[in-house]
Structure formats: structure tokens, C-alpha cells
Trainee: 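What follows is a single structure, and I will ask about it in a moment.
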Amino acid sequence: MREHSQSRQNETRVLDFILLGFPGSPYLQMFIFTLFLVMYILTILGNVAIFILVITNHRLHIPMYFFLCNLSFLEIWYTTASIPKTLAIILGRSRSISFTGCILQMYFVFAFGCTEYFLLSAMAYDRYLAICYPLHYSTIMDPSLSVKLAFSSWLCGFLVICIPAFLITRLSFCGPNVINHFYCNIDSWIVLSCTDTYAIETAAFVISIIVILGSCLITFFSYIYIISTILRIPSAKGQQKAFSTCSSHLAVVMIWYGSTIFLFVKPSKRTSLEMTKIVNILNTIVTPLLNPFIYTLRNKDVKEALRNCLHWR
């Protein structure tokens, strides 16, 4: 009994972890820090601007921009869940993180990520109704339905991550405690655990299939119907006008799915940690930065509202 108790204590003695971040020379570290800081500031400013613009401009009080407002609000917190700690790590001031802090960071990063999948699929469904059923769009996609879809996206995103978060708390860690990443993620927990990780690996893989591929199928079939409807429009001008209403969303979808499908839909979480770290930069920093610019540059309504807000002529 004494040996078993001592063994159990040794297994659970790791209570703090070290985030490795991006090793390199001081000059490289300063370059990465400056780049990440500038991108983070631009991400916050861009998404806050869109959020305020949609709320304050009555012309944008329609379901399409209601979802965009939700997406911008989400991107602010999604990037904030990981980047401030990453900046501290790069400076070398605070590489350590407690077990509880690591769990919370992982939970919020993945919860916001899952919510984004659901929101993007809801936005695809909204564009499908607007283009394929224009006469019935305002009746079907009323404020009540748009609120329900947005609320369901947030609720499902935060609930589904409770499963892997709970399974991680059941793992034991007996060393080493160095996480080869710039934030806490599921792959790192699996690599460091000294107990069986089959349950968490299986749960993470199944959730990835359901969330990523499930939302991807909704988006894919929505755009199949959208494109087929656009092609049946007789005039080229009509086709261009119809496609312009969903081109921004399609661009965001392609960037987001392209970077994240690699990260989560794979049979083993123990492989390609360095590649995972690089691709994670795309969906935690680059994508939240690009979203507001894509919607601003490619959307006439948003550009017009921005001009009116700034009193441009």
C-alpha cells in the first residue's frame, strides 16, 4: 500500500508546466514578439471596429451582419485567449503556467474555435436562404431564428470542449513538464501524460470529426446550392451581385478550414508537433487578423457604413 501511494504521488507531482514558445536567437525572439504584438493590436482594433460599426449602423441590422458581429466579438476573445501569454513567453518573463491555468487556456481556445465552426456554418445557411430563397428570406431568417442559431453556436462550442477538458483532468503527469507550444493544447497534454491517453485521443478525434467535418458539410452543401442558383441567373451582372453577397464569407471559410482541418482531423496527436505549432499561428493569429479586412474590403455595405461613420466623401 505504501509503495502504491508513493507511486501515485510521483505520478501527480507535476503541477506547473513550461511553455517552450519559439526558441531562437534574441534577435529572432524580438522579431517574433514585434510581429505578434502588431498583429494582435490590429486584430483587436479591426474586430472591435466591425463590432461597433454593426451595432451602431441601423442599415447593418440584418441577420448577415448580426452573424458577422458575433464572429468579430468571438475573434477578439479567441486571439486574446492565447496571444498575451505568448507575448510574455517570447519575452522570457513568464514561461511557466499552472495546471489550472493551462486547462482554462486550452478550454477557452478550443471552445472559441469550435464556436467559430458553428458560426461559419450558420452564416453559410444564412447566405443559402438569401440567395436560393430571396422572396422568403426575411420570413424564414427572422431575428428570432438568427438569435437562436448564434446562441446555439456559442452553447455547442463551449459544451463540446467540456468532454476533453474533463478527460485531461483525469490524466497524470510525472515529468517532463515542458510543453513544446506557445499555448496549452490537447496534443501537448497527450504527449506529456504518463498514463493511458486512449480515451482523450479518441474523444478529441471524434469531436474533431463531428465539429469540423460536420460544419464543413453544412457549409459545403450550402455553397453547392448557392453556386448552382447563381449560375442559373441569366445576366452576368445579376450573377456578380449575388456572388458578392457571399464572397467575403467564402474567403474566410477557405482560410479557416484550410488551416484547421490539418490540426485536428488526424489519427495520432503525438505526431508533427512542430508542424502543428506553425499551422496554429494561422488560425490563432492570422485568420482573426484577416477577417475584418476581408469583410471590409469585399463588402460594399460595410465599406459604405465605414465611410459614413468616418464622414468620408
Trainee: Walk me through it: do Leu19 and Cys184 pass the test side-chain contact (heavy atoms from CB on, under 4.5 Å)?
Mentor: CA-CA 8 Å; Leu19 289 165; Cys184 299; 4.1 Å; yes

Trainee: Is there a side-chain contact between Leu289 and Ile285 in this structure, where contact means two heavy atoms from C-beta onward sitting under 4.5 Å apart?
Mentor: no

Trainee: Are there over 12 heavy-atom neighbours, none belonging to Phe22, within less than 6.0 Å of that residue's CZ?
Mentor: yes

Trainee: Can Ile218 be reached from Ile227 by stepping across I, L, V, M, F, W or Y side chains whose heavy atoms are under 4.5 Å apart?
Mentor: no

Trainee: Go through the side-chain N and O atoms of Trp154 and Asn70 and say whether any donor and acceptor fall under 3.5 Å apart.
Mentor: yes

Trainee: Is the closest side-chain heavy-atom distance between Cys246 and Ile226 below 4.5 Å?
Mentor: yes

Trainee: Apply side-chain contact (heavy atoms from CB on, under 4.5 Å) to Cys102 and Tyr183, showing your working.
Mentor: CA-CA 8 Å; Cys102 212; Tyr183 73 89; over 6 Å; no

Trainee: Looking only at non-hydrogen atoms, find the nearest pair between Thr284 and Asn280 and report the distance.
Mentor: OG1-O, 2.6 Å

Trainee: If we count only N and O atoms by modelled type, under 3.5 Å, do the side chains of Ser193 and Thr195 hold a donor and an acceptor together?
Mentor: yes

Trainee: Between Tyr78 and Phe108, is the ring centre distance below 6.0 Å?
Mentor: no

Trainee: Any chance the SG atoms on Cys114 and Cys156 come in under 2.5 Å?
Mentor: no

Trainee: Between CD1 of Ile83 and CD1 of Ile89, what distance do you get to the nearest 0.5 Å?
Mentor: 9.5 Å

Trainee: Is the closest side-chain donor-acceptor distance between Ser215 and Tyr257 under 3.5 Å?
Mentor: yes

Trainee: Checking Tyr125 against Met141 for the side-chain contact (heavy atoms from CB on, under 4.5 Å) test, could you report, in this order, the C-alpha distance in whole Å, the side-chain angles of both residues, the deciding distance, and whether it holds?
Mentor: CA-CA 10 Å; Tyr125 178 66; Met141 186 58 74; 3.9 Å; yes

Trainee: Checking Thr287 side chain against Leu282 main chain: does a donor-acceptor pair fall under 3.5 Å?
Mentor: yes

Trainee: Keeping the roles fixed (side chain from Thr197, backbone from Ile200), state whether a donor-acceptor pair exists under 3.5 Å.
Mentor: no

Trainee: So, for Phe67 and Ala150, which heavy atoms are closest and what is the spacing to 0.1 Å?
Mentor: CE2-N, 4.1 Å

Trainee: Do Cys162 and Tyr107 touch side chain to side chain, with heavy atoms closer than 4.5 Å?
Mentor: yes

Trainee: Taking the side chain as everything from C-beta on, heavy atoms only, tell me whether Tyr133 gets closer than 4.5 Å to Tyr128.
Mentor: yes

Trainee: Does a donor on one side chain and an acceptor on the other come within less than 3.5 Å for Tyr65 and Asn57?
Mentor: no

Trainee: My understanding is that only one of Phe73, Phe158, Tyr117 makes a ring-ring contact (aromatic ring centres under 6.0 Å, His included) with Phe112; could you say which?
Mentor: Phe158

Trainee: Under a 4.5 Å side-chain heavy-atom rule over Ile, Leu, Val, Met, Phe, Trp and Tyr, are Tyr223 and Ile233 clustered together?
Mentor: no

Trainee: How close do Cys69 and Phe51 get, counting heavy atoms only, and between which atoms?
Mentor: SG-CD1, 3.1 Å

Trainee: Determine the minimum heavy-atom distance between Asn185 and Met106, stating which atoms define it.
Mentor: CA-CG, 4.0 Å

Trainee: Give the cluster check for Leu167 versus Val206: same hydrophobic cluster or not, with ILVMFWY residues linked at side-chain heavy-atom distances below 4.5 Å.
Mentor: no

Trainee: Is Val160 reachable from Leu155 through a run of hydrophobic residues whose side-chain heavy atoms are each under 4.5 Å from the next?
Mentor: no

Trainee: What are the two closest heavy atoms between Ala204 and Ile186, and how far apart are they?
Mentor: CB-CG2, 4.2 Å

Trainee: Step by step, work out the side-chain contact (heavy atoms from CB on, under 4.5 Å) result for Asn283 and Trp256.
Mentor: CA-CA 6 Å; Asn283 63 354; Trp256 177 255; 3.7 Å; yes

Trainee: Measure the CZ-OG distance between Phe110 and Ser208 for me, rounded to the nearest 0.5 Å.
Mentor: 8.0 Å

Trainee: Working to the nearest 0.5 Å, report the span between CG of Leu87 and CZ of Phe36.
Mentor: 8.0 Å

Trainee: From Ser146 OG over to Phe151 CZ, what is the distance, rounded to the nearest 0.5 angstrom?
Mentor: 14.0 Å

Trainee: Do Leu192 and Ile179 have side chains that get closer than 4.5 Å, going by heavy atoms?
Mentor: yes

Trainee: To the nearest 0.5 Å, tell me how far His181 NE2 sits from Phe17 CZ.
Mentor: 15.0 Å

Trainee: Ignoring hydrogens and angles, state whether a donor on the side chain of Glu75 or Asn47 is under 3.5 Å from an acceptor on the partner side chain.
Mentor: no

Trainee: Taking the side chain as every heavy atom from C-beta outward, state whether Arg127 and Met64 have any pair of such atoms under 4.5 Å apart.
Mentor: yes

Trainee: With heavy-atom distances below 4.5 Å as the criterion, would you say the side chains of Arg170 and Phe166 are in contact?
Mentor: yes

Trainee: Supply the atom-to-atom distance Ile76 CD1 to Ser72 OG, rounded to the nearest 0.5 angstrom.
Mentor: 7.0 Å

Trainee: Any non-hydrogen side-chain atom of Thr86 less than 4.5 Å from a side-chain atom of Tyr40?
Mentor: no

Trainee: Are Ile41 and Phe293 connected, step by step, through hydrophobic side chains (Ile, Leu, Val, Met, Phe, Trp, Tyr) whose heavy atoms are closer than 4.5 Å?
Mentor: yes

Trainee: Mind listing the closest non-hydrogen atom pair of Ile103 and Ala165 along with its distance?
Mentor: CD1-O, 4.2 Å

